[in-house]
J.: 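This structure is in structure tokens; I'll ask about it shortly.
All ligand and atom numbering here is 1-based and tracks the order in the structure. Counting begins at 1 with the first residue of the sequence.
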Amino acid sequence: MSLRPAALPSSVHAPLPVLGRDVLVPLVTGGEVGYAALDYAASAPALQRVWDDVAAYAPYYGSVHRGAGYLSQLSTDLFEQSRATVADFLGCRPGDQVIFTRSTTDSLNLLATAVPAGTSVFVFETEHHASLLPWRASDVSYLAAPRTPGEAVTTLEKALAAREQRGPALVCVTGASNVTGELWPVRELAAAAHAHGARIVLDAAQLAAHHPVDIAELDVDWVAFSGHKLYAPFGSGVLAGRADWLCAAEPYLAGGGASRRVARRADGGVDVDWHTTAARHEAGSPNVIGAYAIASACRALAEAGFARLVEREQALVARVRAGLAEVPGVRVLSLFGEDAARVGVISFVVEGWNSSHFAAALSAEYGIGVRDGLFCAHPLVRTLLGGTEQEPGECAAPDAAPGELPSLNAVRVSFGAGTPEEHVERFVDAVRELVADGARWRYRTEDGRCVPDRDQA
Ligand SMILES: Cc1ncc(COP(=O)(O)O)c(C=O)c1O
């Protein structure tokens, strides 16, 4: 595989232009086609605006919080302005902190280390592993998969009411599922949590690029998201919200930047006075480009207007769902049913097809990039597929021929503000054609990936 120069004119239309819109990829059947990036839920392409902002800043790059030079001062200002921009974007309350992390996973792990000792954590088994797994030091209750948004609220209420320990409690919930795209009733879950004296953190990894996330209006205590799913793939993420637990906790990482004063003690040890601002959990040299890129994406989304973006994305969702509904043997995975509100993330299985094989054919024969697997939400996908714990996990038996095996994983298509209609139309047509006519190529497993069999050429 090699990088291929852009050759297509920038003729594709989308509300927010992204990089890669002109990239050509080879087809196994011959020729080239413009790449249809339909895996935004994994990592969205960079916004052109973000790239331009980063490029404009790059010559001025300098150290942050640790330099007297002009460019260090400028970079420090830019980093702190980026924090303010993110706070605005999230509708933060006075006193909330915005901490730059590496990603949603990093943000939730940070919060997990900051919860007070004895905290009870409540998390639905349907969560992404980033929300499901970080709470290892706490007493965790895994709540059963609800089948309606209302059931999610009653399940949580019952679990909180039955809580025996009276200490602190924390609920962790996703805003939009990375498997079904379905929206969770965040405001209602927050109200239930607070009514029972618990706090709540919102995993907005799949929400923030698609919907406004207003921390005060949703009344959640923290929000976590990743830059690379918000069109800003420069290695940064965010944890924003209440300062008290964060200020009281040990720094997530120990080192320079987090410490205000360090002194040797007479007994030979070291005394450390840690910051009580966001810097407490940002030890090491900050990723100013990552933070600036996120701020740039926040500005671009806010200026484009979520009302317009949501309306247009809903039209794409409706098109894909209607297209898939017309193809025999395609089953779209859903927890909350047909009428659920959702973002542009849709997972499905095709009868008689192994999902890895199907995804490989979409790529090799149509130039369409989707994802196959269990999407780091193994319990949820197994529930939706009706599978068992013993079955193989991601990329199960990708070399199986169509019809040989029931699918043990799923295909996921996802899109957003940079997606032109043509990509969605091509995807729907390709699914219809593959199901009707079968793959035109043979596939096999190589290093755990399903790839076109070169021997067929
Ligand atoms: C709902 C959800 N939460 C958390 C994450 C983790 O995000 P990251 O890999 O950027 O840490 C993802 C990633 O797919 C996700 O979809």
J.: Answer with yes or no whether the side chains of Tyr252 and Asp106 bring together a donor and an acceptor at under 3.5 Å.
T.: yes

J.: For atom 11 (O) of ligand 1, grab the closest protein heavy atom and report residue, atom and distance to one decimal in Å.
T.: Thr105 OG1, 2.5 Å

J.: Give the residue and atom name of whichever protein heavy atom lies nearest to atom 15 (C) of ligand 1, and the separation in Å to one decimal.
T.: His128 CD2, 3.2 Å

J.: Is there a donor-acceptor contact under 3.5 Å linking the side chains of Arg83 and Gln97?
T.: no

J.: For Ala205, take its heavy atoms, then give the atoms of ligand 1 lying under 4.0 Å from any of them.
T.: 2 (C), 3 (N), 4 (C), 5 (C), 12 (C), 15 (C)

J.: Only heavy atoms of Ser103, strictly under 4.0 Å: list the atoms of ligand 1 that pass.
T.: 10 (O), 11 (O)

J.: Quick one: CG on Asn109 to CZ on Arg136, what's the gap to the nearest 0.5 Å?
T.: 6.5 Å

J.: Does Lys229 come within less than 4.0 angstrom of ligand 1, counting non-hydrogen atoms of the residue?
T.: yes

J.: For atom 4 (C) of ligand 1, what is the nearest protein heavy atom, given as residue, atom name and distance?
T.: Asp203 OD2, 3.4 Å

J.: Does a donor on one side chain and an acceptor on the other come within less than 3.5 Å for Thr101 and Ser107?
T.: yes

J.: Heavy-atom contacts with Asn178 under 4.0 Å: which atoms of ligand 1 show up? List them by number with element.
T.: 16 (O)

J.: Taking 4.0 angstrom as the limit and counting only heavy atoms of Gln206, give me the atoms of ligand 1 inside it, by number and element.
T.: 1 (C), 14 (O), 15 (C), 16 (O)

J.: Under 4.0 Å between a side-chain nitrogen and a carboxylate oxygen: does that hold for Glu250 and Arg280?
T.: no

J.: Considering residues at least two apart in sequence or located in another chain, which fulfil the side-chain contact (heavy atoms from CB on, under 4.5 Å) criterion with Thr277?
T.: His275, Ala279

J.: Show me the donor-acceptor pairs within less than 3.5 Å that the side chains of residues 189-202 make with the rest of the protein, sequence neighbours left out.
T.:
residue	atom	partner	partner atom	Å
His194	ND1	Ala190	O	3.3
His194	ND1	Asp219	OD2	3.3
His194	NE2	Asp221	OD2	2.7
Arg199	NH1	Asp244	OD1	2.9
Arg199	NH1	Asp244	OD2	3.4
Arg199	NH2	Asp244	OD2	2.7

J.: Does Ser226 reach ligand 1 with a nitrogen or oxygen that is under 3.5 Å from one of the ligand's nitrogen or oxygen atoms?
T.: yes

J.: Say whether Asp106, considering both its backbone and side-chain N or O atoms, lies within less than 3.5 Å of an N or O atom on ligand 1.
T.: no

